Amino acid sequence: MNKVTRFEVDHEKLNPGVYVSRRDELGPKVVTTFDVRLKAPYRQTPMSPAVIHTLEHLGAVYLREHSSWADKVLNWGPMGCQTGFDLLIAGTWEASDAVPLLCETFLFIANFEGPIPGAEHAWQCGNYRLHDLAGAKREARAFAEVLANWKPQDSVYPRRVN
């Protein structure tokens with residue numbers, strides 16, 4: 001069985017930030033996957049499913065409607081470990097390209113008011129009652145601070161040395 005590259009990252013040393021997780025070639029096209037890590041595994045409490053779900057809805061709406069990025073954003077999906085999200089963008093990109101977009105995204109979430117898009121009716125979402133807007137806003141504010149202080153060296157994955 002092939003090893004998953006991200007499983008070679010030392011999660012005990014991984015900090016909140018933005019990392020290039022992988023680049024995949026699809027014929028002549030490239031897709032960059034970003035590891036958008038909101039929580040330090042094992043050192044910070046993972047996010048609740050309700051918070052993650054709300055961040056997923058609000059992040060997806062913002063990213064897919066962004067004037068400069070909407071046509072490049074392929075997916076915004078939560079990690080099963082409840083510590084972050086994967087952002088897939090068409091093209092070859094660096095963390096420095098994604099950080100400004102993610103700053104905007106998390107500030108949008110931190111300041112969001114009103115009904116959560118796609119969560120008003122059962123026909124819109126498979127679990128439309130599982131949301132926590134106050135918790136999502138709290139996490140978004142905290143991560144916006146991480147992004148505001150971002151430096152390129154913050155996007156180097158820690159590797160386990162055996």
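Note that the coordinates shown come from a computational prediction; the quantities given were computed from them, not determined experimentally. Heavy atoms only: backbone and side chains are in, while hydrogens, waters and symmetry mates are out.
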Original post:
What's the verdict on side-chain contact (heavy atoms from CB on, under 4.5 Å) for Trp150 and Ser96, showing C-alpha distance, side-chain angles and the deciding distance?
Top reply: CA-CA 9 Å; Trp150 178 86; Ser96 59; 3.7 Å; yes

**OP:** Check the pair Thr83 / His11 against side-chain contact (heavy atoms from CB on, under 4.5 Å), numbers first and verdict last.
**Re:** CA-CA 11 Å; Thr83 63; His11 285 74; over 6 Å; no

Original post:
Is there a side-chain contact (heavy atoms from CB on, under 4.5 Å) between Leu74 and Val31 once you walk through the steps?
Top reply: CA-CA 9 Å; Leu74 303 174; Val31 174; 3.7 Å; yes

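No side-chain donor-acceptor contact under 3.5 Å links Tyr19 and Asp154. Under the 3.5 Å distance criterion, with hydrogens and angles disregarded, a donor-acceptor pair is assigned to the side chains of Tyr62 and Glu104.
Between Leu63 and Trp69, every side-chain heavy-atom pair lies at or beyond the 4.5 Å cut-off. For the pair His53/Cys125, a side-chain contact is recorded, criterion being any heavy-atom separation below 4.5 Å from C-beta on. Within the 4.5 Å cutoff, no side-chain heavy atoms of Lys39 are placed close to those of Thr45. Side-chain contact between Tyr128 and His121 is absent, with no heavy-atom pair separated by less than 4.5 Å. No side-chain heavy atom of Ser155 sits less than 4.5 Å from a side-chain heavy atom of Val20. For the pair Asp86 and Asn75, the minimum side-chain heavy-atom distance is 4.5 Å or more. In this structure, the side chains of Leu58 and Phe106 stay at 4.5 Å or more apart for every pair of heavy atoms. Residues Pro41 and Glu12 fail the side-chain proximity criterion, which asks for heavy atoms closer than 4.5 Å.
In this structure, CZ on Arg141 lies 11.0 Å from CG on Leu107, to the nearest 0.5 angstrom. The line from CZ of Phe143 to CG of Leu55 is 10.5 Å long, rounded to the nearest 0.5 Å. Of the inter-residue distances, the one linking Phe85 atom CZ with Met79 atom CE reads 9.0 Å to the nearest 0.5 angstrom. Note: Ser21 OG to Leu88 CG = 9.0 Å, rounded to the nearest 0.5 Å.
Ala95 and Val18 get closest at one heavy-atom pair: CB-O, 3.7 Å. For the pair Leu102 and Trp76, the tightest heavy-atom approach, listed with the atom from each and the gap, is CD2-CZ3, 4.1 Å. Considering every non-hydrogen atom in both Ala140 and Ala110, the closest pair reads CB-N, 3.7 Å. Met47 and Gln82 make their closest contact through O-NE2, 2.6 Å (heavy atoms, listed as atom of the first residue, atom of the second, distance). Residues Asn149 and Lys151 approach most closely at O-NZ, 3.3 Å, considering heavy atoms. Shown here for Arg23 and Trp93, the closest heavy-atom pair between the two residues is NH2-O, 2.6 Å.
Put simply, the side chain of His57 never gets that close to the backbone of Ile116: no donor and acceptor are under 3.5 Å apart. For the pair Gln44 (side chain) and Ala40 (backbone), a donor-acceptor distance under 3.5 Å is present. Judged by distance alone, the side chain of Asp97 and the main-chain N or O of Glu94 form a donor-acceptor pair under 3.5 Å. For the pair Lys72 (side chain) and Ser68 (backbone), a donor-acceptor distance under 3.5 Å is present. Side chain of Thr54 to main chain of Asp132: a donor-acceptor pair is present (N/O by atom type, distance under 3.5 Å, no hydrogens or angles). A distance-only check finds a donor-acceptor pair linking the side chain of Thr32 to the backbone of Gly91 [under 3.5 Å]. When atom types are taken as modelled, the side chain of Glu139 and the backbone of Gly135 share no donor-acceptor pair closer than 3.5 angstrom. Not one N or O on the side chain of Glu56 forms a donor-acceptor pair closer than 3.5 Å with the backbone of Gly77.
Atom CD of Gln153 sits in a crowded spot, with more than 12 heavy atoms from other residues, nucleotides or ligands closer than 6.0 Å.
Ile52 is connected to Phe108 through a chain of hydrophobic side-chain contacts under 4.5 Å among Ile, Leu, Val, Met, Phe, Trp and Tyr, so both are in one cluster.
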